Amino acid sequence: MALQASFLPSALSPHKEGKVGGGIKDSAFLGTSLSDHVKSDLNCSLLRCGKRLNASVGVRAQTAAAAAAATASPAIERATPEGKKTLRKGNVVITGASSGLGLATAKALGETGKWNVVMACRDFLKAERAAKAAGMSEGSYKIMHLDLASLESVRQFVGNFRLSGMPLDVLVCNAAVYLPTAREPTYTADGFEMSVGINHLGHFLLARELLEDLKASDYPSTRLIIVGSITGNTNTLAGNVPPKANLGDMRGLAAGLNGVKGSTMIDGGEFDGAKAYKDSKVCNMLMMQEFHRRYHEETGITFASLYPGCIATTGLFREHIPLFRLLFPPFQKYITKGFVSEDEAGKRLAQVVSDPSLTKSGVYWSWNKNSASFENQLSEEASDPEKARRVWEISEKLVGLV
Ligand code: LMG
Ligand code: NDP
Ligand code: PMR
């Protein structure tokens with residue numbers, strides 16, 4: 001409820017009347033104005049909102065009455081075909097926002113004054129300190145506990161988020177671990193190998209559960225974003241540095257990734273932490289496409305993944321040997337020139353969350369040297385529809401959805 005108290009003033013702030021076009025233009029991010037194409041997309045979204053209202057009220061009914069009253073009535077106003085101006089801030093959940101890319105994105109979105117950021121983190125205190133140290137303003141964020149290494153925690157997070165009464169407009173699946181030096185596998189609470197368990201399976205359950213909430217949102221553009229990576233794409237030089245990603249026939253995944261009945265690796269091979277991470281990123285990119293195929297048309301939700309650039313200074317490399325951590329940033333800065341700062345990467349992800357020109361669904365975004373976004377090509381494996389379907393179907397069994 002504290003969440004609500006801190007976010008309500010902006011949610012209920014008075015609105016100006018205006019045409020849809022004007023309103024949308026005002027909400028453009030980073031000064032980007034709208035193309036006609038996007039305007040018409042957004043108009044469609046607004047109309048769709050009307051259709052979604054019943055569902056919205058259904059979800060809201062699970063929450064406290066006061067919360068429902070606070071959020072439902074402006075939603076009705078927004079849904080009018082005349083197209084009233086957006087009244088409230090957007091609500092975005094970012095997993096793993098206690099450091100690196102997630103934190104930088106939370107800060108970038110919070111600073112626009114247009115977003116309430118829910119930082120979904122496993123370490124509450126660390127997240128609070130990180131938000132303060134980054135200079136995030138008090139009213140712009142709320143920390144909620146989420147440990148992706150436990151499916152129970154994922155379900156609890158979903159329940160707590162719903163109790164808060166906030167609509168969900170954008171979900172960003174960003175958290176990850178990278179365990180390149182581990183000799184033996186470690187496991188999540190549910191017995192899955194840790195990297196795939198956290199990076200893919202935890203997010204898969206979270207995204208599947210929160211899809212209902214995204215569907216119920218009346219926000220003009222709803223999005224589900226998953227952070228992918230170049231290292232999972234074998235059509236690039238970086239993706240060819242061994243060990244390479246490869247899901248094989250997924251026999252290890254199908255057997256539960258627990259090392260009891262089968263392997264801890266998706267492809268059934270020997271444990272390799274660096275490969276497990278890259279495989280998990282392939283799953284992330286496949287998952288986004290499968291969501292797109294199954295739900296984009298019906299829901300209008302934008303499903304996208306991205307490679308934000310090589311953010312060589314983040315906590316992702318905390319488990320790597322000290323020499324690597326020392327040399328990796330200059331290597332990326334001066335040799336590959338793939339380096340990007342945490343701030344810059346945060347702005348990129350923030351664009352994918354809120355820029356009206358990045359509403360296309362089913363896209364894997366990357367940025368060129370001038371920091372301009374473009375639709376990138378995924379590797380053959382990371383864009384294989386049959387693999388996407390199999391990852392989806394096996395994963396829903398593993399996380400108990402079927
Ligand atoms: C693995 O080793 C381990 O097996 C695994 O357990 C895990 O730890 C994993 O990724 C972590 O590493 C892989 C091995 C790769 O990595 C290394 O040991 C290399 C360490 C190098 C560290 C890199 C950063 C430091 C670089 C130092 C440079 C000094 C910079 C100083 C800068 C100062 C500037 C002032 O093995 C290799 O490295 C072998 C090299 C493999 C190169 C792969 C290239 C393949 C190219 C294939 C081409 C394919 C073509 C694709 C075409 C695409 C076209 C679009
Ligand atoms: P960081 O390690 O800085 O951030 C990862 C975040 O994930 C941290 O906040 C961490 O929490 C959180 N996290 C880890 N495990 C869990 C868990 N079980 N439950 C909840 N949260 C968890 O790394 P980056 O910022 O670099 O990584 C962010 C994303 O960017 C990842 O998806 C990564 O794959 C991707 N990426 C990164 C690249 C890079 O060059 N750095 C390149 C391409 C993609 P805590 O703070 O508590 O440890
Ligand atoms: Mg890689 C050519 C460009 C390029 C880019 C953009 C990256 C990104 N890397 C590139 C090249 C190379 N790397 C080359 C030529 C080598 C051999 C020296 C190399 C090595 C290397 C290692 C050992 N690179 C790495 C590692 C890691 O441990 C990182 C990793 O694979 O984590 C899974 C990594 C990365 N290189 C990148 C990026 C973005 C990473 C971070 C991984 C990620 O988040 O996906």
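Atoms within a ligand are numbered from 1 in the order they appear, just like the ligands themselves. Note that the coordinates shown come from a computational prediction; the quantities given were computed from them, not determined experimentally. Basis for what follows: all heavy atoms, side chains included, without hydrogens, waters or symmetry-related copies.
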Aromatic contact, Trp365 with Phe303 (centres under 6.0 Å): no
Ring-ring centroid check Phe204 Trp392, cutoff 6.0 Å: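 Yes, close enough.
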Taking atom [atom1] of [X] as the centre, does the number of heavy atoms from other residues, nucleotides or ligands within less than 6.0 Å exceed 12?
{"X": "Arg325", "atom1": "CZ", "result": "yes"}
{"X": "Arg251", "atom1": "CZ", "result": "no"}
{"X": "Glu393", "atom1": "CD", "result": "yes"}
{"X": "Glu184", "atom1": "CD", "result": "no"}

Interfacing atoms of ligand 2 (cut-off 4.0 Å, heavy-atom, Asp147):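 Here the atoms of ligand 2 in question are 17 (C), 18 (N), 19 (N).
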Distance filter under 4.0 Å to Ser229 heavy atoms, resulting ligand 2 atoms: 43 (C), 44 (C)
Heavy atom of Ser150, distance to ligand 2 below 4.0 Å: no
Please state which protein non-hydrogen atom is closest to [atom] and give its distance, to 0.1 Å?
{"atom": "atom 6 (C) of ligand 2", "result": "Gly96 O, 3.6 Å"}
{"atom": "atom 35 (C) of ligand 2", "result": "Val227 CG1, 3.4 Å"}
{"atom": "atom 29 (C) of ligand 2", "result": "Asn174 O, 3.1 Å"}
{"atom": "atom 24 (P) of ligand 2", "result": "Thr314 OG1, 3.5 Å"}
{"atom": "atom 47 (O) of ligand 2", "result": "Arg122 NE, 3.0 Å"}

Tell me whether [X] has any N or O atom under 3.5 angstrom from an N or O of ligand 2.
{"X": "Val177", "answer": "no"}
{"X": "Tyr307", "answer": "no"}
{"X": "Leu148", "answer": "yes"}

Any idea which atoms of ligand 3 are less than 4.0 Å away from a heavy-atom of [X]?
{"X": "Cys310", "value": "37 (C), 38 (C), 39 (C)"}
{"X": "His320", "value": "28 (O)"}
{"X": "Tyr277", "value": "33 (C), 43 (C), 44 (O), 45 (O)"}
{"X": "Phe317", "value": "41 (C)"}
{"X": "Ser229", "value": "43 (C), 44 (O), 45 (O)"}
{"X": "Val241", "value": "12 (C), 13 (N), 14 (C), 16 (C), 19 (C), 20 (C)"}

May I ask you to identify, for [X], whether its side chain, its backbone, both or neither come under 4.0 Å of ligand 2 on a heavy-atom basis?
{"X": "Tyr178", "value": "neither"}
{"X": "Ile311", "value": "both"}
{"X": "Lys281", "value": "side chain"}
{"X": "Leu146", "value": "backbone"}

Taking the minimum heavy-atom distance to [atom], which of [options] ranks first?
{"atom": "atom 9 (N) of ligand 3", "options": "Gln332, Lys278, Lys337, Arg325", "result": "Gln332"}
{"atom": "atom 10 (C) of ligand 2", "options": "Lys278, Gln332, Met194, Arg318", "result": "Arg318"}
{"atom": "atom 3 (O) of ligand 2", "options": "Ser153, Ala175, Cys173, Ser99", "result": "Ser99"}
{"atom": "atom 26 (C) of ligand 3", "options": "Phe331, Phe324, Phe339", "result": "Phe324"}
{"atom": "atom 5 (C) of ligand 2", "options": "Ala176, Gly100, Ala97", "result": "Ala176"}

Ligand 3 contact on Lys281 by region, counting heavy-atom pairs under 4.0 Å: neither
Proximity to ligand 3 by part of Leu316, non-hydrogen separation under 4.0 Å: side chain
Passing option when His200 is tested against Asp279, Asn284, Leu257 for side-chain contact (heavy atoms from CB on, under 4.5 Å):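 With His200 as partner, side-chain contact (heavy atoms from CB on, under 4.5 Å) holds for just one option, Asn284.
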Minimum side-chain heavy-atom gap Thr314-Glu342 below 4.5 Å: yes
